[in-house]
Number of protein chains: 2
Amino acid sequence: MSLRHAMLGLLAERPSSGYDLMKRFETSLTNVWPATQSQVYGELGKLAKAGLLEVVAEGPRGRKEYAITPEGRAELRHWLAETRPDRSRRSEMLLRVFFLDLLTPLEAVAYLSTEAERAASLRADLEQVKEQVQWDDGPLSVNGRLALEYGLRLSAMQEEWARWAAEQIGGTQAAEAGKS
Amino acid sequence: MSLRHAMLGLLAERPSSGYDLMKRFETSLTNVWPATQSQVYGELGKLAKAGLLEVVAEGPRGRKEYAITPEGRAELRHWLAETRPDRSRRSEMLLRVFFLDLLTPLEAVAYLSTEAERAASLRADLEQVKEQVQWDDGPLSVNGRLALEYGLRLSAMQEEWARWAAEQIGGTQAAEAGKS
DNA sequence: GAGGCCATGTAACATGTTACATGATTGT
DNA sequence: ACAATCATGTAACATGTTACATGGCCTC
């Protein structure tokens, strides 16, 4: 049930409408915890009914601004401090690696090279972000930098791994060819 | 719809019953594509009805052995060669990092240290696997080695990052303390 | 004959995605 | 007046988890 906590976390920083919240998901959490519009509106209703959020203002176009309640903060803190992260790791990219022998070596190398390029391009994007964002030394900025650095290191590792893996297959192929 | 392809991939190697398939998921794919028993049996039925699998033998206790059909192989190959992996990465671990400022620096450091230790312990387990498994140079073994190497590099990166991140917070804290 | 493993399946629920539906407000 | 954006919500469907239910076979 992490969607709920992601929302509580964002609203702990400042109150927002569902629409605002969606935009905040898209900008800061897309790569960490994506959410769809229907999910957000649905969960806002449930959280309000449960007393973890409350409507603090109503604006034009039926806009409802939600703020976290003390109960909501308690729940958020409980989640952060007293529960362990669920690490369910599902990686379609890696699943495909298990079946790479069903492709020709050429196709397999192409797959891995594409992965390497994708990682490299993500890394370049993140470097850009690192340059452009003003790191204003607020507490929020610290968290963001930690997460960004994770992304940087992950994409670097992925690129290196994919290039190495492509070479393993390319090398095997070359050796096989050499035998005959 | 990757569960279906994971199953086709395993059955492309050799026919299995639902029960066998479950065990194969648990041993080779737990870290990449976990599946529950109900999912596997449900999907076996659907795949058979769709003609991608067929029952090739029936044994004691109602055991049904499934084998991949040519249509199944075609679907598997199509998936591997002509579709791009969906990379939706959801990381509860990283989500928590975004809200780390809601904890005391001590608690935040504890969280990151736990992460570092978890990564280190996973890495040690994988090193063990690397030692113990006989890499028999079959094509299946090549794929497995690539995936294992990914796990090794990922856990190493995670440990380093978590230690670095803990130091960032610990360091900030020390600096703040120094000011007063 | 008893315990452990083999073996399959269903039901209820939680979570997540896509598509549809509706309409107000603002800026040009 | 028109387009873009703001704004909320529902419905249908896909996927995944947990719990329940049932019973056969094999070894000691």
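Side chains included, hydrogens not; waters and symmetry mates left out as well; all remaining heavy atoms used. Chain letters run A, B, ... following the sequence lines, proteins first, then strands; residues in each count from 1.
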Problem set entry | Contact letters for nucleotides 22-28 of chain C, in which S counts primed atoms plus P, OP1 and OP2 and B counts the base, heavy atoms under 4.0 Å | -BBB---

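- For the pair A:Gln37 CD and C:dC20 P, the interatomic distance rounds to 14 Å; values are reported in whole Å.
- Distance, A:Phe25 CZ to D:dA7 P: 17 Å, rounded to whole Å.
- Qualifying side-chain contact (heavy atoms from CB on, under 4.5 Å) partners for B:Arg118, counting only residues two or more places apart in sequence or in other chains: A:Arg87, B:Glu115, B:Leu122, B:Gln158.
- Side-chain proximity of A:Ser17 to D:dT8, C:dG9, C:dC6: nearest is D:dT8.
- Using a distance-only test at 3.5 Å, with no hydrogens or angles considered, no donor-acceptor pair links the side chain of B:Ser91 to the main chain of A:Val32.
- For residues 33-61 of chain A, the set of pairs meeting the side chain to side chain donor-acceptor pair (under 3.5 Å) definition, not counting sequence neighbours, comprises A:Arg4-A:Glu43.
- Computed from coordinates, the B:Glu26 CD to D:dT17 P distance equals 13 Å when rounded to whole Å.
- Near DNA chain C, defined here as any heavy-atom distance below 4.0 Å, there are no residues from residues 74-87 of chain A.
- Taking B:Thr30 as the reference, nothing meets the side-chain contact (heavy atoms from CB on, under 4.5 Å) condition, with sequence neighbours excluded.
- A:Ser16 meets the side chain to side chain donor-acceptor pair (under 3.5 Å) test with A:Arg24; sequence neighbours excluded.
- Partners of B:Val40 according to the side-chain contact (heavy atoms from CB on, under 4.5 Å) rule, which considers only residues two or more places apart in sequence or in another chain, are B:Met7, B:Leu21, B:Met22, B:Phe25, B:Ala35, B:Leu44.
- Judged by distance alone, with hydrogens and angles left aside, A:Ser38 brings a side-chain donor or acceptor within reach of the base of C:dT18, the pair sitting under 3.5 Å.
- Contact between the side-chain N/O atoms of A:Tyr41 and the OP1/OP2 oxygens of D:dG9 is not found at any separation under 4.0 Å.
- Contact annotation: B:Lys23 side-chain N/O to C:dC5 OP1/OP2 distance is not under 4.0 Å.
- In this structure, CG of A:Leu44 is placed 15 Å from C1' of D:dT10, rounded to the nearest angstrom.
- Side-chain atoms of A:Arg96 come within 3.5 Å of backbone atoms of B:Trp79 as a donor-acceptor pair (strictly under, hydrogens ignored).
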Any N/O pairs under 3.5 Å between the protein and nucleotides 12-16 of chain C? List them or say none.
{"residue": "C:dG16", "atom": "OP2", "partner": "A:Gln39", "partner atom": "NE2", "Å": "2.9"}
{"residue": "C:dG16", "atom": "O5'", "partner": "A:Gln39", "partner atom": "NE2", "Å": "3.4"}

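- Not a single side chain to side chain donor-acceptor pair (under 3.5 Å) links B:Glu26 to another residue, sequence neighbours left out.
- Annotation: ring pair (Phe, Tyr, Trp, His ring centres under 6.0 Å) contacts of B:Tyr111 (sequence neighbours excluded): none.
- Judged as a side chain to side chain donor-acceptor pair (under 3.5 Å), and not counting sequence neighbours, B:Glu117 has no contacts.
- Within the 4.0 Å cut-off from OP1 or OP2 of D:dA7, at least one side-chain nitrogen or oxygen of A:Arg63 is found.
- A search for side chain to side chain donor-acceptor pair (under 3.5 Å) contacts involving B:Arg84 returns nothing, not counting sequence neighbours.
- When the P atom of C:dG9 is taken as reference, atom CG of B:Leu21 falls 13 Å away, rounded to whole Å.
- The interatomic distance linking A:Glu58 (CD) with D:dA7 (P) rounds to 13 Å, in whole Å.
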